[in-house]
Amino acid sequence: MQTACQAVQHQRGRRQYNRLRNLVKDARHDCILFANEFQQYCYLPRERGESMEKWQTRSIYNAAVWYYNHCLGQLPVVMVTEDEDAIREYGGETEGVFVISFKNYLDNFWPDLKAVHELYDSILQSRRERECESQENNGKEYPEHLPMEVLEAGIKSGRYVQGVLNVNKHRAQMEAFVRLQGASGKETDLQSDILIHGTKARNRAIHGDVVAVELLLQHEWKGRTASLCENDTEEKAPGDTSSEPMPTGRVVGIIQKNWRDYVVTFPSKEESQSQGKNAQKILVTPWDYRIPKIRISTQQAEALQDCRVIVRIDSWESTSVYPNGHFVRVLGRIGDLEGETAVILVENSISVAPFSEVQMCEMPSSTSENPWNVNPEEEPKRIDLRNMHLIFSIDPKGCEDVDDALSIRTLANGNLELGVHIADVTHFVAVNSYTDIEARARATTYYLADRRYDMLPSILSADLCSLLSRVERYAVSVMWELDKKSYEILRVWYNRTIVQSSYKLVYEVAQGLLDGDLSVVDDILELKELDERTRQQKLEELVWAIGKLTDIARRVRAKRDSCGALELEGVEIRVQLDDKKNIHDLIPKQPLEVHETVAECMILANHWVAKMIWENFPHHALLRQHPPPRQEFFSELRECASAKGFSIDTRSNKALADSLSKADDPLDPTVNKLLRSMATQAMSNAQYFSTGSCPEEEFHHYGLALDKYTHFTSPIRRYADIVVHRLLMAASLKDTKVDVTANLFSNKDLEELCRHINNRNRAAQRAQKQSTELFQCMYFKDKVSETDERCTADGVIYSIRTNGVLVFVPRYGIKGAAYLKNKEGLVISCQSDGSCVWTPGSLQHFQNRITSTTVAGESVTFSLFDHITVKISVQSSRCHPDTIKLEIISNRPYKNIATELYQKNSHVLKADLVKEVTRSAEEAQLAQEKKNVEVIQEEYQQYCQTKGVSLYQLFEEIRDLALLDVSAGN
């Protein structure tokens, strides 16, 4: 009811009002907002001297009575209120209209919902205790927050700055940073984050809140802590050293509280006893280190000691050391896989409830007895590519949601036709349907280490929209005509199509065909049932197509490289499970050239679609931008590169790309991988935006070196792509009489949607990372690190701290801290065989190295990019996520690391070499290039071996063996 919503705004503020309005507007909740103040028989004027609350209660009751009579008394109407005067006055006035408290409503209408009754009791108890505390406590633990009007005026004048509070999870009690937001920094000279030192200066702000900060005087500024830390819980850890002072401030007010559900753990029995005799008030510890302990009231503390539990924060008064909250529900037991996975989802505000019945009713029918088929009425509206094109997909093993497929063929005029075919999801998902609204809310498919949570029902994601082989599917296709020699784009067209993929290949098989390794043919199911002659013919067609696609991709990539495209590095780990779903191994993803082939085709399609939708809808197209990174974020990258004698130029993406290409140690490919990883970490996040809210000069994608970019190629798993598909189809119909803008977002609505999608994408990335870390810990947790060889691995030092080093373990994709000084004050010392022991001594820290010296005068130095041997174990925590612990056990590489690295990176070396060849070839005459390529291909077909490694790989191996330092292991 309109008056009820306005009552929330009047009593609880605009943020709570907006949350309520969004809930009401969400079609999945089947709510209707009745504008009772604009209805002739419901409107009541406010009487002279009548309070706002009294008038609102009277208006709501009057509208409830009218609605009951409007329904002819067929349905009872319930008005829920905590106003006891209203219950006494109106409770028995009208038969069929019940005016009752929320407690009575639950008892009479929902007596069996035990969890809801418990939640209500928890909230009620929390409220009572808060009221008692506010009466009892007069002493202030924190200063009061300034009123909102004072904060807004101070931000405009430049006295205060506005930003989002980010707590350092490794030093949650000491360090937090505020990143400038919006226009707050315009009147200041600040170029960096603002340090908030200590919890007092944080003034009850919680990680994620939008805060107003007052800068301290410059002589009061402090620096970031430069030492490693195991999640300190104290205000000051011993032996800390700080870096250069940076802008430091204190929080004077909270502009927006971004509180959410928090997963917590109850104290153990011993900890409960130490908290005092009052068993109802409990300090619970959040799973996230960055969130302070929360005080809640419950009588279930003992029963829930071994569980992960959800709580919500209700308030944090200036008189209280800790925030007050209430118990919501139990998630699962500590250490249980399902429970810990649920923790990750809740902590990232990810809802994965099953699709509702009403959503499933919108789905087309498809069963084994009656499979889905192309609708004859739809065929004339689409281009039929089923019999004209060799279409195939290349995806990871086990992929079910096949968004994209590729095709390449020679046209009658000798030119080439390249096709990217994307699942036509929008055919099945109508605008503002229940499925569309749910997909919009989820925004993305969430991929965890052992599972995924789909954005769309599986009948679409894994069946009707998935471009599986040998089945007819609807697609949206982008087709280019390319010059037969230069591969320059001559024309492009976009259309809805009907396709039938011939092959569903996995990356490893496609790479094998590209390398001439025909042993992978047995893994192509679609060729198995064919006779030998047909099989050979089909295989030759497929090999030609993959080879030609790769040639085109190399040329497209080289063109982007010349504009400054970056080749960045990320660590992707695949969890290998056995038949019983136990963790068998952790395997880093191996880069293949065919990965780049597919990626370049997708980037090309996204780029051209971006240009198309922007040209047609310049003020409300959905694009993706990647802003240039802040230069100060590159400082560690530059310092690390200089340790190896490399110079990194970060003035532009082109300069950075060229510098990273030159920063290559032929004896240790890990150096370049780590430098690229550091460059990746320094980058700003790419994000979606509406073109009407951003000037064109800011459209640029820094990493891809493209002026316009969007996401079009994965509509099964990204809602942004669904929006782009609708824009593209609207653009292609613009010349017709069809109203193409009716189902498109306005700039304002699209801007809000982009914020939501960006938020959900960040949540998906965090959840995937946390899930991988969970499985890494589970893998090592049941292993004895002292005896199990799998717990010993080679590590590479990539950062120096005052009391240790940061180490990358390529075998498992792990990054972590390794201490050179332990809690007892002993330092690491190396014996003659390289093994390490703890002895009394001291550490001396330099920019690119750290030296440990014993009291006897023996010293050992650890430098950037040194290979060392580490022992991997798990540091368990009852309240927080488990973490990987690295311990240096030798200052020498583990086994023959050079050979191991070569095997791991053989495909990377090949890809880099191919790029150099391509760049050189571009400078030659096109006719001569074609002639040379044909000669090479003929000789290759004649002389190469078809089993084992290719001749190309053999030459690479000889080259790298020649570069190995054979004395490295002595």
Side-chain angles (χ1 to χ4, degrees), residues 1-25 31-70 76-109 120 123-138 144-152 253-257 259 312 314-319 324 326:
M1 203 170 288
Q2 175 194 358
T3 306
C5 287
Q6 289 176 344
V8 170
Q9 182 179 12
H10 176 67
Q11 296 169 19
R12 303 293 301 277
R14 188 159 191 84
R15 184 166 182 266
Q16 293 296 333
Y17 168 74
N18 288 335
R19 288 183 64 185
L20 177 61
R21 287 298 300 271
N22 288 335
L23 283 171
V24 171
K25 285 195 296 184
C31 294
I32 296 173
L33 181 65
F34 176 39
N36 59 295
E37 293 178 27
F38 293 90
Q39 209 275 349
Q40 180 180 358
Y41 302 107
C42 293
Y43 174 72
L44 289 177
R46 186 176 171 187
E47 296 176 352
R48 185 183 295 274
E50 185 177 27
S51 68
M52 176 67 76
E53 291 82 1
K54 204 79 173 174
W55 171 72
Q56 288 173 335
T57 301
R58 191 163 60 90
S59 296
I60 293 169
Y61 176 73
N62 185 62
V65 172
W66 176 85
Y67 190 70
Y68 175 73
N69 293 324
H70 176 72
V77 176
V78 181
M79 175 178 164
V80 179
T81 178
E82 296 301 303
D83 186 340
E84 294 180 2
D85 292 337
I87 294 172
R88 282 194 298 270
E89 183 176 351
Y90 303 122
E93 187 171 301
T94 306
E95 184 179 356
V97 179
F98 299 91
V99 182
I100 57 177
S101 68
F102 195 74
K103 174 67 172 171
N104 287 337
Y105 172 69
L106 290 178
D107 290 342
N108 292 314
F109 288 86
Y120 175 78
I123 295 172
L124 197 64
Q125 181 70 17
S126 175
R127 181 183 291 180
R128 286 172 182 162
E129 291 190 356
R130 193 162 70 246
E131 290 171 354
C132 291
E133 282 180 9
S134 63
Q135 294 171 2
E136 294 173 2
N137 293 342
N138 295 319
E144 293 290 347
H145 292 145
L146 297 179
M148 187 59 70
E149 56 270 21
V150 175
L151 297 177
E152 290 174 350
I254 300 176
I255 295 166
Q256 180 177 318
K257 294 175 181 174
W259 297 351
R312 288 189 186 134
D314 298 317
S315 67
W316 195 347
E317 306 300 333
S318 60
T319 55
N324 292 301
H326 65 268

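Counting begins at 1 with the first residue of the sequence. In what follows, every heavy atom counts, from backbone to side chain, and hydrogens, waters and symmetry copies are set aside.
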- [ ] Please round to the nearest 0.5 Å and tell me the distance separating atom OH of Y67 and atom CG of N69.
- [x] 12.5 Å
Task: T81 OG1 to E53 CD distance, which is reported to the nearest 0.5 Å - done: 11.0 Å
Task: Taking every non-hydrogen atom, the tightest pair across C31 and V24 - done: CB-O, 3.6 Å
TODO: Would you check if Q2 and F38 make a side-chain contact, meaning some heavy-atom pair closer than 4.5 Å?
DONE: yes
- [ ] Taking atom types as modelled, find out whether T3 and Q56 have a side-chain donor-acceptor pair closer than 3.5 angstrom.
- [x] no
TODO: Report, as yes or no, whether the 6.0 Å neighbourhood of atom CZ on F109 holds more than 12 heavy atoms from other residues, nucleotides or ligands.
DONE: yes
Open item on the list: Counting only heavy atoms not in E84 (residues, nucleotides, ligands), do more than 12 fall under 6.0 Å from its CD?
Closed with: no
TODO: Find the distance between CD (E144) and CD (E317) and round it off to the nearest 0.5 Å.
DONE: 8.0 Å
Task: Straight-line distance of L44 CG to E50 CD, nearest 0.5 Å - done: 8.5 Å
Task: Ion pair check, K54 and E47, cut-off under 4.0 Å - done: no
Open item on the list: I'd like to know if the side chain of W259 and the backbone of D314 have a donor-acceptor N/O pair within less than 3.5 Å.
Closed with: no
TODO: For the residue pair Y120 and L106, establish whether any side-chain heavy-atom pair is separated by less than 4.5 Å.
DONE: yes
Indicate every side-chain donor-acceptor pair of residues 90-105 with a distance under 3.5 Å to a residue at least two apart or in another chain.
from : atom 1 : to   : atom 2 : distance (Å)
T94  : OG1    : Y61  : OH     : 2.7
S101 : OG     : N104 : N      : 3.2
S101 : OG     : N104 : ND2    : 3.4
Y105 : OH     : W110 : NE1    : 3.1

Open item on the list: Taking atom CZ as the centre, does R19 end up with more than 12 heavy-atom neighbours from other residues, nucleotides or ligands that are less than 6.0 angstrom away?
Closed with: no
Open item on the list: Using modelled atom types and a 3.5 Å cut-off, is there a donor and acceptor pairing between side-chain atoms of R58 and backbone atoms of N62?
Closed with: no
Task: Side-chain heavy-atom pair C42, E37 within 4.5 angstrom cut-off - done: no
Task: Validation row: L33, R21 side chains within 4.5 angstrom (heavy atoms) - done: yes
Task: Spatial distance of atom CG (N36) from atom OH (Y43) [nearest 0.5 Å] - done: 11.0 Å
Open item on the list: To the closest 0.5 Å, what do you measure between CZ (F34) and CE (M1)?
Closed with: 6.5 Å
